[in-house]
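Start at 1 and go down the list; that is how both ligands and their atoms are numbered. A quick note: this is a predicted structure, and the numbers were derived from the prediction, not measured.
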Amino acid sequence: MKSYLCEAMHHKLISSPLQGFTDFHFRNAFQQFFGGSIDHFYAPYIRFNGKMVIKPIYERDLKPKNNTKLEVIPQVMTCHVEEFIFAANYVRSLGYKELNWNLGCPYPMVTNKGMGSGLIKDPEKIDRILDRVHTETDIIVSMKMRMGYEHAGEILDVFPVLEKYPIKNIGIHARIGAQLYKGGTDLDAFQRCIDHSNQKLYFNGDITSVAIFEKLTERFPSIDHWMLGRGLIADPFLPGMIKSGTEIYPEDKLERFSKYHDTLFTAAEQKLTGEKAVIRKMLSYWEYFSAMFPNPTKVVKMIKKAKTYEVYNTAVREILELEAFADF
Ligand SMILES: Cc1cc2nc3c(=O)[nH]c(=O)nc-3n(C[C@H](O)[C@H](O)[C@H](O)COP(=O)(O)O)c2cc1C
């Protein structure tokens with residue numbers, strides 16, 4: 001464990017963007033109660049709907065005053081160079097130096113338009129976009145990609161293009177788009193990415209426990225940046241435990257989780273109208289949090305039943321005090 005601990009301290013942990021979850025409310029709540037365990041946060045993507053307008057929801061999310069205690073990197077998802085440049089200039093105007101490019105989204109309504117992981121199979125287009133972005137702006141570009149849409153070899157044809165530009169790093173979710181979130185990550189294919197790229201690669205995909213993290217670090221000794229998405233939502237203690245090289249939860253876990261939950265709840269109340277909408281939002285968190293508990297199905301059921309704050313609060317109290325944390 002000791003040598004692992006020394007190793008773990010050198011690893012950087014990054015909060016992978018999750019649209020609908022990792023907005024500035026979440027990031028600040030996370031930082032408040034689990035600060036220091038995540039090195040930086042990617043904001044969920046900016047997307048355009050045919051108009052060159054930054055929606056208020058993205059504006060709020062990226063406003064420096066909403067992110068004072070965080071290191072945040074904005075992200076864009078587009079296959080149009082004008083949109084990319086517009087987003088780059090916008091984030092520069094807010095003081096950000098870097099823009100992450102989403103070539104990972106797997107959903108057909110995105111990929112059918114040649115965006116997200118649907119763009120990976122078009123290295124020439126990627127080249128044209130990067131060329132103009134680097135000529136016309138001074139933004140630092142980083143990438144977040146899957147390994148392809150139809151097969152995991154597609155990314156290998158993109159690497160020579162990326163090497164023409166000062167790409168800061170390439171975060172790779174070790175799946176292909178066609179998989180959506182099904183099946184496992186393809187670690188052999190990720191190894192091929194390491195073998196074929198001279199750039200800084202980050203690993204992403206299914207890091208849900210200290211043991212899994214440890215196995216990945218053994219398998220990929222050259223990787224020292226790791227992106228956590230769903231695992232971080234499900235268990236906010238995970239990055240801290242990875243960094244301290246222990247699978248033991250801190251003694252104040254119940255108290256801390258409870259305050260963290262309440263902060264997320266208050267944020268949901270601020271941005272949504274009506275008890276039902278707030279509870280629905282919290283349910284989406286509980287669908288992940290439930291993995292921390294011995295009986296996840298029961299936990300989700302209890303929250304699902306709640307239609308009023310009163311019932312919801314009772315359910316949360318029961319989950320925390322009676323059921324789960326005791327035999328965590
Ligand atoms: C609900 C949801 C929303 C997501 N939103 C984004 C996003 O805005 N940008 C992005 O690059 N990836 C997004 N992803 C992908 C995650 O960042 C991550 O790559 C993926 O979940 C795999 O990592 P994990 O196994 O650690 O969750 C999203 C995933 C989920 C499940």
Should the pair [X]-[Y] be classified as a salt bridge under the 4.0 Å nitrogen-to-oxygen rule?
X: Asp39; Y: Lys243; result: yes
X: Lys121; Y: Glu150; result: no
X: Arg60; Y: Asp23; result: no

- Query: Do Arg132's NZ or CZ and the ring of Phe86 fall within the cation-pi criteria of under 6.0 Å and 45°?
  - Reply: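 Checked: cation-pi criterion not met.
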- Side chain Ser197, main chain Cys193, donor-acceptor under 3.5 Å: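 Here the side-chain-to-backbone pair does not exist.
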- Phe213/His11 aromatic ring centres below 6.0 Å: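 Under 6.0 Å, so yes.
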- Task: Anything with a heavy atom under 4.0 Å from ligand 1 counts, so go ahead and list those protein residues by chain and number.
- Result: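 Heavy-atom contacts below 4.0 Å: Ser16, Pro17, Leu18, Gln19, Phe21, Pro44, Tyr45, Gln75, Asn102, Lys144, His173, Tyr181, Asn204, Gly205, Asp206, Leu228, Gly229, Arg230, Tyr288.
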